[in-house]
Every structure is written in structure tokens, then in C-alpha cells.
*Asks:* 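Below you will find the structure I want to go over with you.
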Amino acid sequence: MNKIVNGISINTFGDKNNQPLVLLHGFPYDYNMWNSQIAYFSDKYYVIAYDIRGLGCSQQGDGQFTMELFVDDLFDVINLECEKRPIVAGLSMGGYILLNALYKDMSKFKAIILLDTKAEADDNNGKLKRAGAIKKINNDGLQSFIESFVPTCFWDENKNKEFFTETLKRCRFNTPAGVKGCTLAMVSRLDTTEFLREIDIPTLIICGKYDLLSPLDTMKKMADNIIDSKFVEISNSGHMTPIENSAEVNNAIEIFLNELNM
Ligand code: MLT
């Protein structure tokens, strides 16, 4: 089922009485990034996959977004859709939103899954890259940015696969204002590195073996700092693990969820 609430396009799958599982996609993608997980988990879980503001079918608005706004959107979706505390999974930008939301109120969450993401805020070099991205969209157009950015998210050997072409195609439907707005929001995220030690809910950490954006060593350190965490490396995958190796990701998530005794 799809509905638009406060500009956010929310898709729900399965029985609302089941344990809610919220999926937060990465940048500059949309909820379809999770299609394999939606198909796999919606029999047993109430799966909620919404488009982050500015992307997919959510409103692009004026593109003046902050990470705090994205956190508010997540809490609004949880309050609207979840009858019990959800398990929330976030990939990359979705992981930033999740970590910033936990920092604000961890009591809302039953367990979390962090995929191909990091706790560090952008450093100086990162901020310059974001400025370069906005400049590229303004000067060369959104398509040019998409063509240069999206391939960096996939393992080289997966770039001839249909899922790569399809993902690239879907990104082209986004708007310059929405993509720039998400870029600004990512710059405004908190650094949650120190906060990781305070996370005391069950946590699964997933990283693609060939992820260049949130590399293995960064994510292993994240796992070392979260008390109740489990780390899983995904083979044959870059940054986009749920798409590039959905079988291994689904298996890792299923084992984690089963261990939560639900
Ligand atoms: C993402 O996949 O969400 C982005 O790569 C995150 C980022 O650019 O920091």
C-alpha cells in the first residue's frame, strides 16, 4: 500500500500486526533499493519502506533539507505506522539518519541494522566533495552527476548486471533540487562516533567486501564500538549490498532477526 503523508511517500507491505521493519535507503536512490528485502521479509514482518524527502516519489520541496528534518520524518513514520517498537535498517545516508535518530531517542527502537554506512561526519575533504557535487549538478546537470556518482557505489564486476542499469535508470527520475537538498542534509549530520558506545540495543552491521564509500575497516571499527553488535561481510558486493548480493544480506538479516526471538 502507498500513501503520501506530509510530503513523504510511504510504502507498506504485509500485516500491520506483525513486527515492524523500517527500511531507509541510500543516496540518491529510492525505496526500490530494498525490493529483494521487501519480497523476502514481508510475509513475517510489517515492512515499511519510504522514499527519503527529496528522492523517489516524496516531495522535492525547496531542497532546503537538514539531517534533523530527515530524523523528524523517520519519527513521524514510526509514530504513524508502528504499533510496536520497530527494527530499523539504514544503508549509507539511511544509516546516517538512523544514527542521528538514535542519538535523539534510542528508546523508540527495538534493534537496528546498519549497512554500508559510517558514524563520522564529513571531514574537510568530504565537505569539499559535497560542494563539488552541487556545483556539478548546477553546471553539468543532474544526469551528469548521477552518471559519475552511481558507478562508484557498485563493485566493478557488477556494473554489467541488470540491477546496475535499472538502479541507474531510476536515479534519473530524481530532481536537481531534491538531490542537492539531500547533499546538504548529509553535510549537516552529527558526528556519532563517540555516541556508538552508548548504543545498547541489538545491532547488525553489514558491509560489502568492496565498498569504497564505507570501507570494511571503518565498519569493523563501528562494530567494535557498539556493545551488542554483530558484523557481517558480504561477498561480491560494493556499497549497495542489498542489491548486489541480496541473498547474503537477506540471510544475515534473517539470522539476526531470528536471534531476537520474535
Ligand atoms: C549513500 O549511499 O547514501 C551515499 O553514498 C552517502 C554519502 O554520499 O555519504
Side-chain angles (χ1 to χ4, degrees), residues 22-35 37 49-56 58 63 65-67 69-71 73-74 88-101 112-137 142 145-155 158-159 163-164 166-168 170-172 174 176 178-193 205-216 218-219 222 234 237-246 249:
V22 180
L23 305 174
L24 301 170
H25 65 77
F27 165 90
Y29 305 103
D30 64 32
Y31 89 91
N32 287 288
M33 202 208 89
W34 298 108
N35 282 343
Q37 289 66 45
Y50 67 92
D51 287 338
I52 306 300
R53 193 175 288 281
L55 298 173
S58 287
F65 305 149
T66 60
M67 188 52 60
L69 173 65
F70 288 176
V71 168
D73 286 339
L74 172 59
V88 182
L91 179 132
S92 199
M93 178 179 71
Y96 307 157
I97 298 169
L98 180 52
L99 285 167
N100 280 246
I112 56 164
I113 305 168
L114 295 164
L115 305 95
D116 303 277
T117 190
K118 51 188 170 234
E120 292 80 7
D122 287 347
D123 60 12
N124 284 350
N125 198 30
K127 285 179 188 155
L128 289 173
K129 278 197 186 144
R130 303 287 186 203
I134 291 177
K135 198 166 167 183
K136 187 167 182 60
I137 295 170
L142 178 64
F145 170 70
I146 299 276
E147 304 292 335
S148 63
F149 180 77
V150 170
T152 65
C153 295
F154 286 79
W155 182 37
N158 285 336
K159 288 179 200 165
F163 59 63
F164 173 76
E166 271 173 19
T167 308
L168 192 60
R170 269 202 304 272
C171 289
R172 296 199 184 106
N174 287 317
V179 172
K180 288 190 284 182
C182 289
T183 303
L184 291 173
M186 288 192 284
V187 178
S188 78
R189 73 187 190 271
L190 304 177
D191 187 312
T192 51
T193 318
I205 298 190
I206 288 178
C207 186
K209 184 168 183 189
Y210 306 109
D211 185 342
L212 302 175
L213 305 181
S214 315
L216 277 178
T218 305
M219 291 212 72
M222 182 188 256
I234 302 295
S237 183
H239 187 60
M240 302 302 292
T241 48
I243 299 178
E244 292 185 79
N245 193 340
S246 58
V249 168

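As the structure lists them, so they are numbered: ligands from 1, and atoms in each ligand from 1. Predicted, not measured: the structure shown is a model, and the values here were computed from it.
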*Asks:* Once the angle between the rings of Phe154 and Tyr29 is folded into 0 to 90°, is it parallel (under 30°), tilted (30 to 60°) or perpendicular (over 60°)?
*Replies:*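 The rings of Phe154 and Tyr29 stand perpendicular, inter-plane angle above 60°.
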*Asks:* Mind checking whether Leu99 and Lys118 have side chains closer than 4.5 Å, heavy atoms only?
*Replies:* no
*Asks:* Quick check: does any side chain N or O of Arg189 sit under 3.5 Å from a backbone N or O of Met186, one acting as donor and the other as acceptor?
*Replies:* yes
*Asks:* Pick out which of Lys129, Arg130, Lys127 makes a salt bridge (charged side-chain N to carboxylate O under 4.0 Å, His left out) with Asp122.
*Replies:*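 Passing option: Arg130.
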*Asks:* If only side-chain N and O atoms count, and only distance matters, is there a donor-acceptor pair under 3.5 Å linking Asp30 with Asn32?
*Replies:* yes
*Asks:* Under 30°, 30 to 60°, or over 60°: which ring-plane class applies to Phe65 and Phe70, parallel, tilted or perpendicular?
*Replies:* tilted
*Asks:* When you look for protein heavy atoms under 4.0 Å from ligand 1, which residues do they belong to?
*Replies:* Gly26, Phe27, Ser92, Met93, Tyr96, Arg130, Phe149, Met186, Leu213, His239
